[in-house]
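Starting from 1, each residue takes its place in the sequence as its number.
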Amino acid sequence: MSQSPLFSGGSELGNLAVTSGVLSDSWDVISALYREMNNAPSSDFLVRFKIDKRPNCNVIAFVTWPPCTKEHLQAVGAADFVSSSALKDTLPLFEFLCSKANPCFSINKLAVERFKSLRGVLPFLRSEISDSEPLIITGHGLGGSVASLFTLWLLSEINLSKTKRPLCVTFGSPLIGDEDLKAILQYSVWNSCFLHVVSAQDPLPRVLTSTHNSPSTESASRTNEYKPFGTFMLCSELGFTCFEDPEFILEFLKATYSEVSPHFLVDYKPVVEQLKLKVICEDTSWFSQPLLAGITVQVLATGLGQQPWQNIDINALIAKAEREFKSMIPMKTQVFDPSKELNDEKINMARMEWYKKASKHSGIGYYDRDKNQSFTSDQDVEKYKKTLTCYWEKLVDEVDKKPQKEGASFRTRWLFGGTNYRRMIEPLDIAAFYRDGHTGYLKGRPKHYKLLEQRLNNDGRPASNANINSKKKNVEANLTEDSCFWAHVEEARISCKLMLIRNSESSIVDLEGPHKSNLIAFEGYVLGLLRNYAVSPEIFLTKSSFMGWWKEYKEIIAKGIMGTFYSSPLTELMKTRRYSHYATGSLEFPEICMQ
């Protein structure tokens with residue numbers, strides 16, 4: 001959904017992880033794996049995994065041997081990125097994460113190489129996962145980075161509607177992705193699948209918080225920076241605090257890193273044991289305290305400033321947290337939830353259906369009624385229209401930010417409603433556009449309408465499965481399928497007026513001019529819609545703009561501007577008034593050649 005507010009649901013996840021035994025179960029399996037590796041020969045970060053099927057959950061743990069240290073991450077090339085575009089040929093497992101808003105992202109090269117070494121066993125690991133059992137994916141250090149990548153890959157393989165969502169718990173894991181990966185996951189429910197445990201004494205999660213250059217495999221050299229995603233559980237002897245805001249987490253990790261920090265590998269067993277004994281800092285406590293005091297308690301619970309090698313301006317960091325939280329209060333209180341707002345959207349669409357029917361009974365059609373603003377009630381329609389447009393603009397924007405797989409599922413669920421909205425409301429936007437004297441609506445058509453139409457076209461099937469016979473039976477209730485129909489009508493009327501003006505000003509008429517070809521193209525366009533019963537019969541109401549076009553077009557034909565004895569399938573249909581059969585679904589279309 002929207003950007004996660006500071007101190008929001010993170011502590012709920014942290015409390016659950018501590019009290020349910022998830023942290024202790026995770027570290028127990030990691031410890032067992034290290035014991036198995038203890039006598040193994042040293043290698044270039046060999047990745048090992050262990051599957052532990054416990055009574056309450058299944059655990060898959062990853063570690064590297066030898067364990068990754070601060071010095072390893074500071075080695076030349078260890079902090080390099082590799083872009084998702086560069087991975088298409090060598091490791092095409094993460095393309096599903098790309099979104100329309102973020103088509104490319106970068107991952108730590110060292111983490112990718114370690115994960116790549118597991119590619120051959122991924123099918124086996126997937127086969128060992130039960131869709132009905134809770135799954136914990138965990139890892140320590142660089143093994144935590146592998147665990148994160150494995151979780152991302154797994155999210156593309158499972159059906160979350162039928163499978164429990166996995167939880168990835170890392171201990172002392174380095175950051176693995178850039179701004180674009182953070183942006184993708186930040187707007188995804190997948191973001192809540194990641195809990196990163198960070199000790200106040202552990203430098204490993206902090207090493208990659210400085211600026212690095214992207215690898216030469218990208219089209220152009222650019223500066224990139226590692227960014228966090230998920231929930232960070234920052235632990236100390238005082239307890240723990242969970243943060244979700246990526247900018248604050250990054251600032252915190254930078255502020256608590258020092259080149260002279262300890263070089264030893266942190267054992268998280270004492271950390272996990274202490275967490276059960278300490279008072280957990282609830283992230284709702286600040287509501288009953290002054291804001292600054294509440295934030296101060298949370299920040300100090302991380303152990304900030306307790307380490308002798310830390311040189312930190314605590315007050316500055318607390319002040320920054322306070323500023324960022326205040327700026328995000330509107331987001332916290334006004335988070336966009338499509339499901340919760342769907343009922344209001346349905347009510348407003350029902351109101352618009354009523355408006356459409358009432359307009360038809362007045363003999364004008366809802367497009368022209370709104371364009372003319374003839375009734376006081378038309379002002380209420382503007383309010384409903386704005387509410388609906390605000391809802392769908394937000395929804396389309398949210399979907400564009402989601403990873404491809406999650407976005408695809410989301411788009412399918414909301415496709416029908418979005419199509420009905422577009423077909424009902426865009427004509428009213430077109431009415432306002434031409435009422436205000438503008439021309440060329442299609443050139444500046446609003447983005448969300450174009451994206452909704454693109455979603456329908458990419459879906460590969462119509463919004464309903466109705467065939468032509470079904471459309472004939474229900475033609476009275478049909479919405480015009482092309483929501484830009486009235487824009488084409490208005491442009492055709494403009495062409496008619498310009499041709500009549502030009503004809504009155506000169507005895508020489510350019511019969512091959514653009515306006516003539518535009519009108520001929522418009523005829524073909526309308527006839528195609530009529531043949532497919534893809535347009536509402538309201539266009540034939542006496543006071544409609546379409547009938548206004550026909551009146552002007554008849555005058556052009558009568559003056560010979562379109563050519564001597566000009567005739568076409570559409571003009572014959574209109575002259576003979578056979579269009580009156582359209583509303584009953586009985587209109588036939590004999591083949592008539594254009595002249």
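Remark: the Y226 side chain and the N108 side chain contain an N/O donor-acceptor pair separated by less than 3.5 Å. Side-chain polar atoms of R206 and T256 form a donor-acceptor pair below 3.5 angstrom. Looking only at atom types and distance, the side chain of S192 has a donor-acceptor partner in the side chain of R165 under 3.5 Å away.
For the pair F115 and L93, the minimum side-chain heavy-atom distance is below 4.5 Å. Using a 4.5 Å heavy-atom cutoff, the side chains of L91 and R119 are in contact. Using a 4.5 Å cut-off on side-chain heavy atoms (C-beta onward), P66 and L46 make no contact. Between I137 and F62, some side-chain heavy-atom pair lies under the 4.5 Å cut-off.
In this structure, Y421 has its ring center at least 6.0 angstrom away from the ring center of F416.
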| task | With salt bridge (charged side-chain N to carboxylate O under 4.0 Å, His left out) as the test, would you mind laying out the steps for R126 and E157 before giving the verdict? | result | CA-CA 8 Å; R126 176 65 184 93; E157 296 291 309; 5.3 Å; no
Worked verdict on V63 versus Y34 for side chain to side chain contact (heavy atoms under 4.5 Å, CB included)
CA-CA 7 Å; V63 300; Y34 272 134; 3.8 Å; yes
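When all heavy atoms are compared, the tightest approach of F248 to F243 is CE2-CE2, 3.5 Å. L204 and G141 get closest at one heavy-atom pair: CD2-CA, 3.6 Å. For the pair F171 and H140, the tightest heavy-atom approach, listed with the atom from each and the gap, is O-CD2, 3.0 Å. Scanning all heavy atoms of the two residues, the minimum distance from S148 to H196 falls at OG-CE1, 3.8 Å. Shown here for L152 and F94, the closest heavy-atom pair between the two residues is CB-CE2, 4.1 Å. For G172 against D202, the heavy-atom pair with the smallest separation is CA-OD2, 3.3 Å.
Residues satisfying the side-chain contact (heavy atoms from CB on, under 4.5 Å) criterion with K164, sequence neighbours excluded, are P134. Listed by chain and residue number, S145, T170 satisfy the side-chain contact (heavy atoms from CB on, under 4.5 Å) test with S173 (two or more places apart in sequence, or in another chain).
N191 places a side-chain N or O within donor-acceptor distance of the main-chain N or O of G230, the cut-off being under 3.5 Å.
Ion pair K254/E225 flagged as a salt bridge, since at least one NZ, NE, NH1 or NH2 atom sits closer than 4.0 Å to an Asp/Glu carboxylate oxygen. Here R54 pairs with D52 in a salt bridge; the nearest charged N to carboxylate O distance falls below 4.0 Å. The pair E393-K386 does not meet the salt-bridge criterion, since no charged nitrogen lies less than 4.0 angstrom from a carboxylate oxygen. In summary, K53 and D25 do not engage in a salt bridge, as defined by a charged side-chain N under 4.0 Å from a carboxylate O.
Here E179 contributes atom CD and K227 contributes atom NZ; the two are 4.0 Å apart, rounded to the nearest 0.5 Å.
The only member of K447, H448, E453 that meets side chain to side chain contact (heavy atoms under 4.5 Å, CB included) when paired with L451 is K447.
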